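A quick write-up on the structure given underneath.
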Protein chains: 2
Amino acid sequence: MVHAVKMPFKPAMKAPRPMSDEALALIARRFAVLAEPMRLRLLHALFAGEKSVNELAELTGGTQANVSRHLQTLAHAHMLGRRKEGLQVFYAIADPSIFKLCELVCGSLEKSLSKQAGVFAQ
Amino acid sequence: MVHAVKMPFKPAMKAPRPMSDEALALIARRFAVLAEPMRLRLLHALFAGEKSVNELAELTGGTQANVSRHLQTLAHAHMLGRRKEGLQVFYAIADPSIFKLCELVCGSLEKSLSKQAGVFAQ
DNA sequence: GCTTTATATGAGCATATAGTTATACATGGT
DNA sequence: ACCATGTATAACTATATGCTCATATAAAGC
């Protein structure tokens with residue numbers, strides 16, 4: 001069943017290292033956290049500095065409950081830090097790689113969308 | 001209802017630009033495509049160069065049907081290119097930003113996991 | 001044209017997760 | 001102690017998506 005495959009270009013070097021299931025799950029989980037518009041909206045709002053839950057709810061137009069949930073998701077993924085001050089809880093971006101991640105994705109998206117542009121212009 | 005909020009640190013500069021719903025949906029979608037272990041496994045296998053569907057199925061241990069589906073998802077997101085040659089279809093990484101994305105995520109993950117390490121060691 | 005091989009796709013099931021509403025918890029003021 | 005405010009959580013519904021099995025499509029050889 002080992003069908004002799006033509007190798008058109010690259011000489012078929014084996015994949016570097018197999019990558020454990022656990023590692024893949026962790027990476028996938030990290031991407032999944034970033035795969036929700038509301039969470040991206042929250043991150044975007046936090047680019048300017050830390051904010052309270054209610055502030056974020058107002059800025060993003062989400063309900064308090066939903067925003068709180070998403071903030072927790074982001075915090076559990078160590079992307080946000082949490083600071084309690086009196087009645088309020090302030091969240092802030094804790095993982096600086098978030099900025100680069102978003103830059104990368106936005107950049108490659110702008111490329112593949114340069115035709116139907118306008119979406120990012122604003 | 002505009003509760004006067006104490007601004008502990010940063011002087012509350014407004015978020016740069018509101019970011020349209022469409023843009024956010026596109027970015028979220030892109031992250032979602034990367035948020036599945038099997039797709040990450042496929043991308044990882046393709047780091048070494050283009051491969052056919054069956055090759056990838058064998059390498060990843062997935063069924064032909066499932067691998068084909070995931071490859072399509074990746075291709076529709078413009079992350080993979082597709083080349084047909086005879087009976088076989090070869091997929092290859094088309095978006096170089098993928099490499100940097102994975103590097104970034106792996107890097108920040110290794111940091112936050114340096115304690116329980118070993119997952120990435122292999 | 002028929003068969004074989006490689007890939008794609010349709011249908012169905014199972015699971016995960018986003019959103020809502022209502023309520024609980026916590027803190028500060030009176 | 002009580003009440004007001006800010007945040008978290010529980011229960012539920014709706015939707016999306018991954019996986020499997022079976023089948024369809026497409027190309028190559030006979």
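It should be emphasised that the depicted structure is a prediction, and the values quoted were computed from it without experimental measurement. Proteins get letters first, then strands, A, B, ... in listed order; numbering begins at 1 in each.
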Please tell me if Tyr91(B) has a side-chain N or O lying less than 4.0 Å from either OP1 or OP2 of dA6(C).
no

Which pair of heavy atoms, one from Ala45(A) and one from Leu56(A), lies closest together, and at what distance?
CB-CD2, 3.8 Å

Report the distance from atom CZ of Arg83(A) to atom P of dT7(D), rounded to the nearest whole Å.
12 Å

Return the value, rounded to whole Å, for the distance between atom CG of Leu56(A) and atom P of dA8(D).
11 Å

Its contact letters, B for base, S for sugar-phosphate only and - for none at protein heavy atoms under 4.0 Å, make nucleotides 21-28 of chain D read BB---BBS

Protein-nucleotide distance (Leu42(A), atom CG; dT7(D), atom P), rounded to Å:
13 Å

To the nearest Å, give me how far apart CG (Leu71(A)) and P (dT9(D)) are.
12 Å

Partners passing side chain to side chain donor-acceptor pair (under 3.5 Å) against Thr60(A) (at least two apart in sequence or in another chain)
none

Rounded to the Å, how far apart are Gln72(B) CD and dT7(C) P?
13 Å

When you match His70(A) and Arg82(B) each to their closest nucleotide on DNA chain C, which lands nearer the 5' end?
Arg82(B)

Rounding to a whole Å, what distance do you find between Asn54(A):CG and dT27(C):P?
17 Å

Identify all pairs in which a protein N or O lies below 3.5 Å from an N or O of nucleotides 15-17 of chain D, and state each distance.
none

In whole Å, I'd like the distance from the CD atom of Glu58(A) to the P atom of dG6(D).
9 Å

Looking only at heavy atoms, which two atoms of Lys51(A) and Leu46(A) are closest? And how far apart?
N-CD2, 3.7 Å

Value for CD1 (Ile27(A)) from SG (Cys106(B)), rounded to nearest 0.5 Å, stands at 3.5 Å

Give a yes or no answer on whether the side chain of Glu55(A) reaches the backbone of Ser52(A) with a donor-acceptor pair at less than 3.5 Å.
yes

Which value, rounded to the nearest 0.5 Å, describes the distance between Met38(B) atom CE and Thr63(B) atom OG1?
7.0 Å

Okay, side chain of Arg41(B), backbone of Leu24(A): is any donor-acceptor separation there less than 3.5 Å?
no

Determine yes or no for a side-chain-to-main-chain donor-acceptor pair under 3.5 angstrom, with Arg83(A) supplying the side chain and Tyr91(A) the backbone.
no

Could you tell me whether Lys100(B) and Asp95(B) have a side-chain N and a carboxylate O separated by less than 4.0 Å?
no

Could you state the atom-to-atom distance from CG of Leu24(B) to C1' of dA18(C) in whole Å?
16 Å

